[in-house]
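Report on the structure given below.
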Amino acid sequence: MADAKRALITGITGQDGGHLAALLHEKGYEVFGLIRGQNNPRREQVVAEFPFVTLIEGDLIDPTSLVRAVEVSDPHELYNLAAISHVGYSFKNPTLTADVTAKGVLNVLEAVRITGRAQHTRVYQASTSEMFGGLDYNRPGAGYNENSLFHPRSPYGVAKLYGHWIAKNYRESYDMFVACGILFNHEGERRGVEFVTRKITHAVARIKLGLQPNIELGDLWPKRDWGYAGDFVEGMWRMLQHTEPDDFVLATGETHSIEEFLTLAFAEIGIDDWKPYVVQNPAFMRPAEVDILLGDPTKAEQVLGWKRKVDFPGLVKLMVEHDLADQARKAAIA
Ligand code: GDP
C-alpha cells in the first residue's frame, strides 16, 4: 500500500481546523496540526476529539517554528487556516492582526519554499469574503465572484487581502501550487461564541433552559451569506485536488439578515416574537460595517463539482439543536 498522504493544518484549534482534520482523517491522511502558545487551553480539547492528529508547536509569527513544522510533517498538503479571524477584535488589535493574518501567510509560504518543498507541497490559503467589503458600488447583483473588486472594511479584511495577494504572488513567482479559497461566512456547532450565529444559538438554548434572560447584540440589519463549515472544508480539499492552483469562491448564493437568523433560531424553541429577548448594545457595533455579503459559487460548482448541502434553515436548526443538548448536559453536570 502506498504511504498515506500527509497534511499540515495551521489553525487546528479553530472551527475549520476541526472539521478539516476529521475529513482528512476519514480520507486516510496522516494529519498534523500546528498549535500555538505554551499551555494552550484548547490543546486538551483537540487531543480528546482528534487523537489521530500529531500536534506541532509553532506560531505564524515565528518563521523558524514554521520551518520546523514543515520539516517534521513533510506535508503533501498544507492548509493555512490560522489567523486572527474576528472582525470586531481586529479593530482593537490591528497591529497583531497584520502580523498574524497578513505577514503570517508570507512566513508559511517562505517555510515551504526555503525547505525546498515549493514543487512538492500544495498550499491552501484561507482568503475571505471580508475582502469585498459589501459597499454599494462594489456589489454585483448576482453576488461576488472571483473577479469582483476588493474593498476591505476592517483591519482583518485588509490583512487577509495581503495574504491573498502574497499567495497568488508565490503561485506566479515560484510556480507553487497555492490555491485561495474566498470563503463566505461559514458557521456550525464548532463556531466560537464571539461570532453572531453561535452567540445567538448558544443564548437561545440557554434562554430555553432558563439559564439566561436575554441576549445583547449590535446591529441586526447586516446580511450575510451563511453556509455550514462542514460543507466548506470539503471545498478546500477539492481545491487542492484540482489540476491547477486557482481562486475559488465558496458560498451558498443566498443572503440573510441577523433578524432572519434570530427568527428561525427562536422558532426552534417555540418563541415567535423574539424582540423582548433581544437587547441592543452599541458595544457590539463596529466602526465600519459590512452591510451585505452575497457570494456566487458558480465557478466552484462547475470546476470542482462542489455544492453546499446544508441550507440556511438547516444550519440554524443544526446549531440550536446542538446547543440545546450541550447546554442541558453542562447544566446537569453543574
Ligand atoms: P463577520 O461577518 O466575519 O464579521 O462575522 P460575525 O458573526 O462576527 O458578524 C456578522 C454580523 O453580525 C456583523 O455585521 C456584525 O456587526 C453583526 N453583529 C451584530 N451583533 C453582533 C454581536 O453581538 N456579535 C458579533 N460578532 N456580531 C454581531
Side-chain angles (χ1 to χ4, degrees), residues 11 14-16 81-94 97 100-101 126-136 138-139 143-144 150-161 163-164 181-207 212-229 232 249-252 254-266 274-275 277-295 312 315-316 319-320 323:
Q15 166 184 252
D16 293 2
L81 311 184
I84 300 282
S85 67
H86 190 256
V87 172
Y89 181 88
S90 79
F91 281 102
K92 292 167 189 145
N93 298 267
T97 303
V100 177
T101 305
S127 294
T128 168
S129 55
E130 287 291 326
M131 300 187 311
F132 295 125
L135 294 179
D136 261 344
N138 192 22
R139 192 187 307 150
Y144 295 108
F150 296 122
H151 186 142
R153 300 259 293 158
S154 63
Y156 167 71
V158 174
K160 276 287 184 184
L161 193 52
H164 183 70
I182 306 174
L183 270 53
F184 282 66
N185 298 52
H186 43 290
E187 318 292 315
E189 70 281 14
R190 294 183 188 283
R191 195 56 149 155
V193 289
E194 67 275 28
F195 292 89
V196 78
T197 55
R198 187 73 196 286
K199 183 173 173 180
I200 292 171
T201 62
H202 181 258
V204 159
R206 290 176 61 82
I207 290 168
Q212 75 181 60
N214 53 33
I215 174 172
E216 291 190 12
L217 292 169
D219 289 319
L220 304 183
W221 45 264
K223 290 184 155 187
R224 291 290 182 272
D225 181 330
W226 278 302
Y228 178 51
F232 281 43
V249 161
L250 296 187
T252 71
E254 283 176 35
T255 189
H256 298 277
S257 67
I258 295 160
E259 291 201 0
E260 287 174 78
F261 195 102
L262 280 168
T263 302
L264 290 183
F266 274 95
W274 46 261
K275 292 202 171 66
Y277 299 93
V278 175
V279 179
Q280 288 223 273
N281 182 342
F284 297 111
M285 295 172 187
R286 292 165 181 183
E289 183 57 87
V290 173
D291 297 352
I292 173 169
L293 286 176
L294 171 64
F312 182 62
L315 174 68
V316 180
M319 292 177 70
V320 173
D323 281 335

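Excluded from the calculations below are hydrogen atoms, water molecules and symmetry mates; all remaining heavy atoms, backbone and side chain alike, are included. From a predicted model like this one, the values you see are computed outputs, not experimental measurements. Note that ligands are numbered from 1 as they come in the structure, with each ligand's atoms numbered from 1 the same way.
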Backbone, side chain, both or neither: what part of Ile258 comes under 4.0 angstrom of ligand 1, heavy atoms only?
side chain
Applying a heavy-atom cut-off of 4.0 Å, say which part of Asn185 lies close to ligand 1: side chain, backbone, both or neither.
side chain
Phe284 heavy atoms within 4.0 Å reach ligand 1 at atoms 22 (C), 23 (O)
Proximal candidate to atom 6 (P) of ligand 1 [heavy atom criterion; set Arg286, Arg153, Lys199]:
Arg286
Could you work out, with salt bridge (charged side-chain N to carboxylate O under 4.0 Å, His left out) as the rule, every residue matching Glu130, not counting sequence neighbours?
none
Measure the acute angle between the ring planes of Phe232 and His186, then classify it against the limits of 30° and 60° as parallel, tilted or perpendicular.
parallel
Are Val158 and Pro152 packed together at the side-chain level, in the sense that at least one heavy-atom pair is separated by less than 4.5 angstrom?
yes
Gln212-Tyr277 side chain donor-acceptor pair, cut-off 3.5 Å
no
For the pair Glu259 and Arg224, find out whether any cationic side-chain nitrogen is under 4.0 Å from an anionic carboxylate oxygen.
no
Using side-chain contact (heavy atoms from CB on, under 4.5 Å) as the criterion, point out the one residue from Ile258, Leu220, Asn214 that pairs with Val278.
Leu220
Phe150 six-ring centre to Lys160 NZ/CZ under 6.0 Å and within 45° of normal:
no
Does ligand 1 come near enough to Trp226 that some N or O of the ligand is less than 3.5 Å from an N or O of the residue?
no
Give the residue and atom name of whichever protein heavy atom lies nearest to atom 14 (O) of ligand 1, and the separation in Å to one decimal.
Glu289 OE2, 2.8 Å
Sub-4.0 Å heavy-atom contact, Met285 with ligand 1:
no
Please check whether Val196 reaches ligand 1 - meaning an N/O of the residue sits under 3.5 Å from an N/O of the ligand, judged on distance alone.
yes
Numbered in order shown, the ligand 1 atoms found under 4.0 Å of a heavy atom of Glu130 are 1 (P), 2 (O), 3 (O), 4 (O)
For atom 2 (O) of ligand 1, the protein heavy atom that lies nearest, with its residue and separation
Arg224 NE, 2.7 Å
Could you tell me whether Arg286 and Asp219 make a salt bridge, using a distance below 4.0 angstrom between a side-chain N and a carboxylate O?
no
Ligand-residue contact atoms, ligand 1 with Pro222, heavy atoms, under 4.0 Å:
14 (O)
Hey, which atoms in ligand 1 end up nearer than 4.0 Å to a heavy atom of Glu194?
25 (C), 26 (N)
So is there a nitrogen or oxygen of Gly218 less than 3.5 Å from a nitrogen or oxygen in ligand 1?
yes
Atoms in ligand 1 flagged as close to Val87, the criterion being non-hydrogen separation under 4.0 Å
3 (O), 4 (O)
Salt bridge (charged side-chain N to carboxylate O under 4.0 Å, His left out) against Arg191, all qualifying residues, sequence neighbours excluded:
Glu187
Nearest-contact summary for atom 19 (C) of ligand 1 - protein heavy atom, Å:
Asp219 O, 3.0 Å
Is the centre of the His256 ring less than 6.0 Å from the centre of the Phe261 ring?
no
